[in-house]
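These notes concern the structure reproduced below.
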Amino acid sequence: MASAQPPRGMRDFLPDAVRRRQYVIGVVTDVYERYGFEPLETPAVENLETLLGKYGEEGNQLIFKILKRGEHEASGQADLALRYDLTVPLARVVAQYRGQLPRFFRRYQIQPVWRADRPARGRFREFYQCDVDALGSRSMAVEAELCAAASDVLVRLGFSDFSIRLNHRQVLTGVLDAAGVSPDQHGEALVALDKLDKIGADGVRRELADRGVPTTASDGLLQFSAGIASSGAGTASASDASFDNADTLDRLSRFVGDHEAGRRGIEELRNIDALVASTSAHGRVRIDATLARGLSYYTGAIMEVAVPDLAGSLGGGGRYDNLVGMFLGEDVPACGFSLGLERIIVVMTERGMFPPGAESAPADVMVTVWNAESLGESLALARELREGGLRVEVYPEADRLGKQFRYASARGVPFVTVLGDDERAQGLVAIKDMKSGAQRAVARGDAARELKAP
RNA sequence: GUGGGUGUAGCUCAGCGGUAGAGCGCCGGACUGUGGCUCCGGAAGUCGCGGGUUCGAACCCCGUCAUCCACCCCA
């Protein structure tokens with residue numbers, strides 16, 4: 001027999017799970033629409049060369065490649081790949097349809113992406129991302145609004161203990177340069193620095209040494225990060241106002257000195273921080289100089305949203321002013337944010353955050369079958385009820401009534417109708433409220449109305 | 001990619017060298033026009049898969065696959 005399991009790291013969603021997913025997607029869509037973003041969908045598959053070189057070395061390795069078909073299949077060569085994220089396809093779309101899109105294109109996209117990663121808690125090989133991106137503007141108002149939209153989604157889903165960490169690629173460059181880390185070691189140093197909140201200053205020192213960063217440089221870096229930690233920015237769970245962005249910015253400014261790109265980055269962070277104060281994300285955005293983020297296409301601000309009880313993040317994003325240029329030959333500024341649907345669902349499920357309605361009954365009414373001869377009569381009643389706007393399930397067989405009721409009860413259907421010999425003789429239909437147990441007979445023509453307003 | 005745990009009935013698990021178990025669920029009945037509660041009865045497993053050790057393996061050993069946890073990285 002063939003295995004009935006889905007491929008590793010990929011999942012089937014049974015009805016309850018689909019309803020939970022649809023509930024979350026509904027909230028996300030509603031919030032994104034409120035911010036004036038428009039929907040976009042792109043193919044599951046991209047040309048391989050579209051994706052290669054956009055995500056850094058780690059990313060390249062995690063792309064699911066598709067072998068050439070037909071006679072070329074044996075060569076093991078790939079020319080297509082499953083999309084790795086929704087940002088690169090967006091950049092391709094913007095390059096392709098530039099003239100048809102508005103000057104400030106704001107789009108959201110909720111679709112699956114694929115990564116050939118090793119599955120873990122909250123990490124899958126096929127998962128949905130909920131992306132929002134705004135293209136065409138360099139204004140920091142974009143960053144502020146993206147933080148606000150992500151924050152609104154989480155608040156409406158019932159989260160209260162999240163924070164949005166904010167940093168800047170050029171500030172990181174400035175910090176590393178100022179500490180004396182050579183440019184070719186920036187990547188290594190960032191990975192180590194990113195772990196400050198997990199492994200502490202001593203852990204970072206060891207990690208930097210392991211990665212070959214000279215002691216002089218790592219000392220400088222740690223001296224700086226120690227100051228960050230003491231200002232409260234090093235703690236993972238800061239939904240409270242235990243952080244002081246102005247103080248963090250001052251420390252950064254002193255450390256970076258006259259490094260030009262670094263200074264520009266700090267100004268942008270200051271700008272974002274000020275604008276966020278006017279949005280619903282006020283008080284949730286914490287400037288955190290240790291935030292790194294892996295994707296290589298980011299050029300400016302980077303952000304990430306996390307909750308205390310999940311190792312990874314619920315979402316992240318940033319500014320990528322050069323990505324569209326890789327397809328168009330002319331840069332289009334862009335900034336986006338992505339929420340991970342499965343991560344959100346993992347946490348919501350564990351915390352029991354889904355409202356009771358999110359896993360609602362499969363139907364409003366179940367129509368029972370009296371006997372084999374009256375099956376058509378049951379179908380006719382179901383039709384009448386459906387025309388009255390109800391969701392109706394017909395029990396398909398003339399089983400014992402007790403069995404039919406037990407089935408309805410187990411399925412959580414709130415009302416059951418019975419069309420027995422007596423009812424049919426009088427033009428009535430019996431309606432039973434499964435919760436209270438009360439039953440009454442009503443005129444058949446009134447049944448739908450009675451059921452809609454019980 | 002690294003280290004560790006776990007795979008036994010539909011589900012949750014017990015058994016840890018000597019004939020395969022429980023609870024829940026499922027099916028039937030007590031209750032031939034009505035679920036939930038109770039009682040009675042029943043069906044159900046090549047003990048993940050392959051090899052090895054042994055008179056004998058669910059149990060010990062090796063491999064493999066799946067799954068979970070911690071790293072790495074990430075949504």
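Letters A, B, ... are given to chains in the order of the sequence lines, protein chains preceding strands, and every chain is numbered from 1.
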[atom1] spacing across the pair [N] / [M], given as an integer number of angstrom:
| N | M | atom1 | value |
| --- | --- | --- | --- |
| B/A43 | B/G35 | C1' | 23 Å |
| B/C11 | B/C26 | C1' | 11 Å |
| B/G36 | B/C24 | P | 15 Å |
| B/C27 | B/C65 | C1' | 34 Å |
| B/C37 | B/A30 | C1' | 14 Å |

Both distances below 3.5 Å, Watson-Crick or wobble geometry, any strand: find the nucleotide opposite [N].
| N | answer |
| --- | --- |
| B/U38 | B/A30 |
| B/A66 | B/U6 |
| B/C60 | B/G52 |
| B/G21 | B/C13 |

When all nucleic acid strands are considered with a 4.0 Å heavy-atom cut-off, which category describes A/L62: base, sugar-phosphate, or nothing?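 Result for A/L62 = nothing.
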Using a heavy-atom cut-off of 4.0 Å across all strands, would you classify A/R8 as base, sugar-phosphate, or nothing?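 Sugar-phosphate, backbone atoms only, no base.
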If the sugar-phosphate is the primed atoms plus P, OP1 and OP2 and the base is the rest, what is the B/S/- string for nucleotides 33-39 of chain B, using protein heavy atoms under 4.0 Å? BBBB---
If you draw the axis of the six-membered ring of [Y], does the NZ or CZ of [X] fall within 45° of it and under 6.0 Å from the ring centre?
| X | Y | answer |
| --- | --- | --- |
| A/R115 | A/Y84 | yes |
| A/R106 | A/F37 | yes |
| A/R125 | A/F64 | no |

Less than 4.0 angstrom from a charged side-chain N to a carboxylate O is my criterion; do [X] and [Y] meet it?
| X | Y | value |
| --- | --- | --- |
| A/R123 | A/D117 | yes |
| A/E46 | A/K54 | no |
| A/E342 | A/R11 | yes |

What residues form a salt bridge (Lys or Arg N to Asp or Glu O under 4.0 Å) with A/R400, not counting sequence neighbours?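 Partners of A/R400 by the salt bridge (Lys or Arg N to Asp or Glu O under 4.0 Å) criterion come out as none, since no residue qualifies.
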Taking donor-acceptor contacts at under 3.5 Å, does the side chain of A/R118 reach the base of B/C73?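 Not at all, since no donor on one side and acceptor on the other fall under 3.5 Å apart.
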